[in-house]
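The block underneath contains the structure these notes are about, expressed in structure tokens.
Protein chains get the first letters and strands the later ones, always in sequence-line order, with residue 1 at the start of each.
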Protein chains: 4
Amino acid sequence: MTDEKEQWLVDLLRRLEDDDGKKTEKQIRIIEAAVEVFSEKGFAAASTSEIAQRAGVAEGTIFRHYKTKKDLLLSIAGPVAAKLFAPFLMRDFARLLELPYDRVEDFLRAILRDRLEFARKNMKLIKILVHEVPFQPELLAQVKELFTHIVVTRVEKAILHFQAQGVLKEIPPWRVIRSTVSQFVGMIVFHVFLAPDFPFDEEEEIERTVDILLHGIAGRPS
Amino acid sequence: MTDEKEQWLVDLLRRLEDDDGKKTEKQIRIIEAAVEVFSEKGFAAASTSEIAQRAGVAEGTIFRHYKTKKDLLLSIAGPVAAKLFAPFLMRDFARLLELPYDRVEDFLRAILRDRLEFARKNMKLIKILVHEVPFQPELLAQVKELFTHIVVTRVEKAILHFQAQGVLKEIPPWRVIRSTVSQFVGMIVFHVFLAPDFPFDEEEEIERTVDILLHGIAGRPS
Amino acid sequence: MTDEKEQWLVDLLRRLEDDDGKKTEKQIRIIEAAVEVFSEKGFAAASTSEIAQRAGVAEGTIFRHYKTKKDLLLSIAGPVAAKLFAPFLMRDFARLLELPYDRVEDFLRAILRDRLEFARKNMKLIKILVHEVPFQPELLAQVKELFTHIVVTRVEKAILHFQAQGVLKEIPPWRVIRSTVSQFVGMIVFHVFLAPDFPFDEEEEIERTVDILLHGIAGRPS
Amino acid sequence: MTDEKEQWLVDLLRRLEDDDGKKTEKQIRIIEAAVEVFSEKGFAAASTSEIAQRAGVAEGTIFRHYKTKKDLLLSIAGPVAAKLFAPFLMRDFARLLELPYDRVEDFLRAILRDRLEFARKNMKLIKILVHEVPFQPELLAQVKELFTHIVVTRVEKAILHFQAQGVLKEIPPWRVIRSTVSQFVGMIVFHVFLAPDFPFDEEEEIERTVDILLHGIAGRPS
DNA sequence: GATGAATGAGTTTTCATTCAT
DNA sequence: TATGAATGAAAACTCATTCAT
């Protein structure tokens with residue numbers, strides 16, 4: 001990994017932490033209210049006056065902290081994009097390659113468990129991000145940049161490593177990524193967004209999902 | 001299948017066909033323009049005046065045909081929801097159960113091929129549907145109703161049938177559905193929406209995707 | 001009475017009768033619907049499309065018969081104004097002066113009875129007239145012209161005649177007119193518009209009202 | 001009078017006074033402009049843009065103070081309804097019953113004088129009220145409630161009291177009320193609305209009107 | 001004569017943003 | 001820093017009127 005890329009990562013992580021610091025109480029209330037309203041009605045249909053009302057501040061106060069309504073959106077949705085990919089940015093991720101090869105399943109389970117938890121805690125933020133990405137070029141660029149960066153610098157390497165060990169099929173890495181993301185996203189969307197009341201044993205769910213990802217849904221030809 | 005359910009299906013299909021009939025030329029231009037603008041900016045951020053302009057009609061003309069802007073949206077997004085599930089409503093689908101058991105892969109490929117084609121032809125409509133469903137209770141209800149109906153009356157039966165034949169693993173049907181939908185949606189989203197310029201051999205893509213769905217991404221422990 | 005004035009009266013009466021002749025069935029339905037809608041919502045708040053709908057004709061049909069919406073109003077409200085004053089225009093009215101002086105009460109009763117009946121049969125039309133007169137200069141002029149004409153040419157003469165006979169107090173005729181109109185209008189408004197369900201013996205009501213007009217509400221100082 | 005009723009009265013009077021307090025200058029200008037335009041064209045035909053223009057404010061400003069155009073109307077017409085009946089709500093009114101019986105005429109004169117003055121000062125407001133009451137159920141209900149309340153709790157008692165003293169004829173109170181209202185309204189409508197330029201000696205006018213009300217228009221049979 | 005789709009000017013209403021306090 | 005009244009541009013929607021059929 002080049003110095004430049006390391007720097008980028010360090011900056012990002014620092015920004016994410018700053019995020020929660022140095023904010024007045026009103027600013028926090030504004031963000032919270034904005035998250036609520038944006039996720040309920042969508043960005044375009046949300047009105048700053050409703051946000052102000054729910055935050056218990058004057059309309060003008062919003063514009064003291066955020067130049068425009070879109071600024072407010074970006075200050076909310078931007079960090080989520082980064083946090084979404086955070087696990088892959090952590091130094092821990094690199095150690096993955098040192099794992100004994102038969103622990104890959106554990107790793108996939110850990111990732112899924114972590115992102116499921118994250119999605120549950122950040123439902124509204126994720127809803128906002130997903131809905132606004134297609135309409136906000138800045139967000140789209142940010143997400144693409146993050147995703148590409150991560151995939152290129154880390155995930156792809158890991159996949160190739162596991163393929164060399166024979167743990168994964170010899171198929172193009174992007175296909176592995178796509179399938180994994182598909183299964184994981186499908187599982188998370190179902191449990192968090194579509195059927196949040198569906199009762200389930202989380203650990204078993206995770207295990208089954210990883211199992212299907214690895215071994216498919218076909219029966220064993222006897 | 002009960003008569004009542006058959007009737008529902010017949011009604012729906014007829015409605016879908018009527019859809020394209022008996023429309024004045026201006027009405028068609030309005031719909032086309034609305035699809036464009038809605039998919040570009042999202043429903044809330046789209047203005048009826050821009051739609052009118054692109055359709056080359058007076059703004060009032062829109063409101064002669066559609067009582068409100070939301071009416072216009074629903075008249076566009078409603079049918080898409082139905083068409084999205086159309087293949088499962090066709091009589092042909094029932095014949096699936098008569099297939100020789102080793103042809104299940106062919107069937108999955110056919111479905112994926114068909115929906116990929118549909119997505120490509122209806123990109124904008126699907127984008128609109130997906131984006132507005134969470135904000136329009138009417139749409140949500142419609143989609144849920146369709147999905148539930150189809151799953152309950154048809155797909156589940158097919159899955160149980162194939163499981164009895166040993167073609168599919170003995171896991172809860174909803175898990176089969178979720179995994180299949182996840183893989184298929186992931187593949188379609190990637191090729192149609194995220195990377196439409198990615199060069200690929202469609203038939204191979206389909207085959208690989210079905211293969212991963214059925215047999216997973218794990219390597220063969222030699 | 002001068003020839004000119006006689007001519008005016010003759011013209012008016014003829015016009016009133018023509019009114020109901022030579023009208024197509026659709027025209028009649030339009031008028032009826034317009035009366036309904038105008039009286040329910042007021043002229044300005046009434047829409048031609050609602051009138052067309054209630055009349056069961058196409059919107060364009062209204063404009064084939066009436067150049068503008070206001071035209072439609074005037075064709076409805078104008079005649080009512082004339083009919084409102086009709087009794088004073090009739091030849092019979094002139095004979096009033098030949099009545100024995102002690103029959104004045106009978107005459108007042110007859111007028112009140114007649115106008116009460118008229119109001120009951122033309123509630124909606126009168127409502128329209130009253131509400132639109134202040135906003136439609138043409139109507140206002142028409143009403144003023146009619147009222148002045150009648151008062152000057154007929155009623156005033158009658159009052160002076162009765163005063164000469166000692167049947168009426170020696171007060172300015174306009175004061176007699178005002179008091180009479182006030183009492184009569186008050187009575188009609190009450191029974192027809194304000195409390196149409198108030199049960200009452202019409203003949204007694206009329207008698208009492210005329211009695212109060214003539215002799216007041218004061219008790220007899222014993 | 002029960003406590004509850006007293007409370008109602010107190011509330012109403014306080015509301016009427018508040019009415020003129022705590023209003024920004026722009027708000028006052030909006031009200032004034034609205035009164036002008038509503039009285040000139042009627043509510044439905046008045047446009048908020050004209051009101052804004054005459055008030056010298058932006059159109060949006062109107063809607064900051066009044067949620068809808070109808071809100072603006074009600075905030076204007078509502079209080080008028082109350083003020084119209086105010087004299088009967090005052091504590092002074094109760095003292096009427098203590099007057100020497102031969103002062104009833106003075107009392108009627110005072111009422112008439114007061115309401116004549118009120119009408120002159122509030123021509124436009126009264127015009128608006130009268131014209132909109134039939135089309136705004138809220139207003140109608142308010143007026144009915146006020147009128148009924150007053151009549152039942154106060155006026156009727158006074159009439160019975162005077163009848164017991166022999167000052168008024170033994171006729172049903174509602175008939176006394178109707179005749180009085182008719183005569184007074186007739187007089188006020190004439191002098192304020194129909195013929196505002198008619199030159200007259202106000203005191204004499206009032207006296208004559210009360211005289212006719214009390215003793216009628218019949219001549220003294222000599 | 002009758003229709004009803006189309007118009008476009010006008011209406012009420014919303015709302016992000018500014019600014020004096 | 002915070003406020004909230006004020007703005008005005010733009011939004012959704014209405015409707016009397018026209019005109020080709």
Side-chain angles (χ1 to χ4, degrees), chain A residues 24-27 30 43-53 55-73, chain B residues 23-27 29-30 44-52 55-72, chain C residues 24-27 29-30 43-53 55-73, chain D residues 23-27 29-30 43-52 55-72:
Chain A
T24 76
E25 189 234 339
K26 296 215 171 192
Q27 221 168 333
I30 288 170
F43 172 72
S47 85
T48 51
S49 88
E50 184 174 357
I51 294 169
Q53 223 172 325
V57 303
E59 279 207 63
T61 308
I62 292 177
F63 290 91
R64 182 151 296 283
H65 294 287
Y66 305 90
K67 237 163 63 75
T68 67
K69 187 184 158 194
K70 191 185 268 187
D71 250 41
L72 178 55
L73 170 69
Chain B
K23 277 216 183 85
T24 77
E25 187 233 340
K26 300 221 168 189
Q27 220 169 333
R29 290 221 310 273
I30 288 170
S47 86
T48 50
S49 88
E50 183 174 357
I51 294 170
V57 303
E59 212 172 338
T61 307
I62 292 177
F63 291 93
R64 169 159 288 278
H65 293 289
Y66 305 91
K67 246 164 64 74
T68 65
K69 187 183 155 192
K70 189 185 268 185
D71 247 42
L72 178 54
Chain C
T24 76
E25 189 234 338
K26 296 216 169 188
Q27 219 168 336
R29 290 220 311 272
I30 289 170
F43 172 71
S47 84
T48 50
S49 86
E50 184 173 357
I51 294 170
Q53 222 172 324
V57 302
E59 280 207 66
T61 309
I62 292 176
F63 291 91
R64 182 151 296 283
H65 293 288
Y66 305 90
K67 235 163 64 76
T68 66
K69 186 183 159 194
K70 191 184 266 185
D71 249 41
L72 177 55
L73 170 69
Chain D
K23 277 219 182 80
T24 78
E25 188 234 340
K26 299 222 169 187
Q27 218 169 336
R29 290 220 311 272
I30 289 169
F43 172 71
S47 86
T48 51
S49 86
E50 183 172 358
I51 294 170
V57 302
E59 214 172 337
T61 307
I62 292 176
F63 291 92
R64 168 157 289 278
H65 293 289
Y66 305 91
K67 245 164 62 75
T68 65
K69 187 182 155 193
K70 190 185 269 185
D71 246 42
L72 177 55

Under 4.0 Å, heavy atoms only, any strand: does [X] hit a base, just the sugar-phosphate, or nothing?
X        : result
Ala45(B) : nothing
Ala52(D) : nothing
Ala44(A) : nothing

Round to the nearest Å and state the distance from [X] atom [atom1] to [N] atom [atom2].
X        : N       : atom1 : atom2 : answer
Ile51(B) : dC13(F) : CD1   : P     : 11 Å
Glu59(D) : dT14(E) : CD    : P     : 12 Å
Gln27(C) : dA2(E)  : CD    : C1'   : 13 Å
Asp71(B) : dA12(F) : CG    : P     : 14 Å
Arg29(B) : dA5(E)  : CZ    : C1'   : 13 Å
Phe63(A) : dT3(F)  : CZ    : C1'   : 14 Å
Glu50(A) : dC15(E) : CD    : P     : 9 Å
Ile30(A) : dT1(F)  : CD1   : C1'   : 12 Å

Exercise. With nearest nucleotides of DNA chain F determined for Ala58(A) and Gly56(D) from heavy-atom distances, which residue corresponds to the more 5′ nucleotide?
Worked result: Ala58(A)
Exercise. So which one's nearest nucleotide on DNA chain F is more toward 5', Ser47(B) or Ile62(D)?
Worked result: Ile62(D)
Counting just side-chain N and O atoms, does [X] come under 4.0 Å of either OP1 or OP2 of [N]?
X        : N       : value
Thr24(B) : dA5(E)  : no
His65(A) : dT1(F)  : no
Arg64(C) : dA2(E)  : no
Thr61(D) : dT7(F)  : yes
Lys26(D) : dT7(F)  : yes
Lys67(B) : dT14(F) : no
Thr48(B) : dA12(F) : yes

How long is the straight-line distance from [atom2] of [Y] back to [atom1] of [X], given to the nearest 0.5 Å?
X        : Y        : atom1 : atom2 : value
Ile30(A) : His65(A) : CD1   : NE2   : 5.0 Å
Glu59(D) : Ser49(D) : CD    : OG    : 5.0 Å
Gln27(C) : Ile62(C) : CD    : CD1   : 11.5 Å
Thr48(D) : Phe63(D) : OG1   : CZ    : 4.0 Å

Exercise. Counting only Watson-Crick or G-U wobble pairs whose two distances fall under 3.5 Å, which nucleotide matches dT3(F)?
Worked result: dA20(E)
Exercise. For dA10(F), which nucleotide is its Watson-Crick or G-U wobble mate, given both distances must be under 3.5 Å?
Worked result: dT13(E)
Exercise. Are Leu72(A) and Ile51(A) side-chain neighbours, meaning at least one heavy-atom pair lies under 4.5 Å?
Worked result: yes
For this session: Report the residue (Ser49(D) or Lys70(A)) whose heavy-atom-nearest nucleotide on DNA chain E is the more 5′ of the two.
Result: Ser49(D)
For this session: Indicate yes or no for a side-chain donor-acceptor contact from Lys69(C) to the backbone of Phe43(C) under 3.5 Å, with no hydrogens or angles considered.
Result: yes
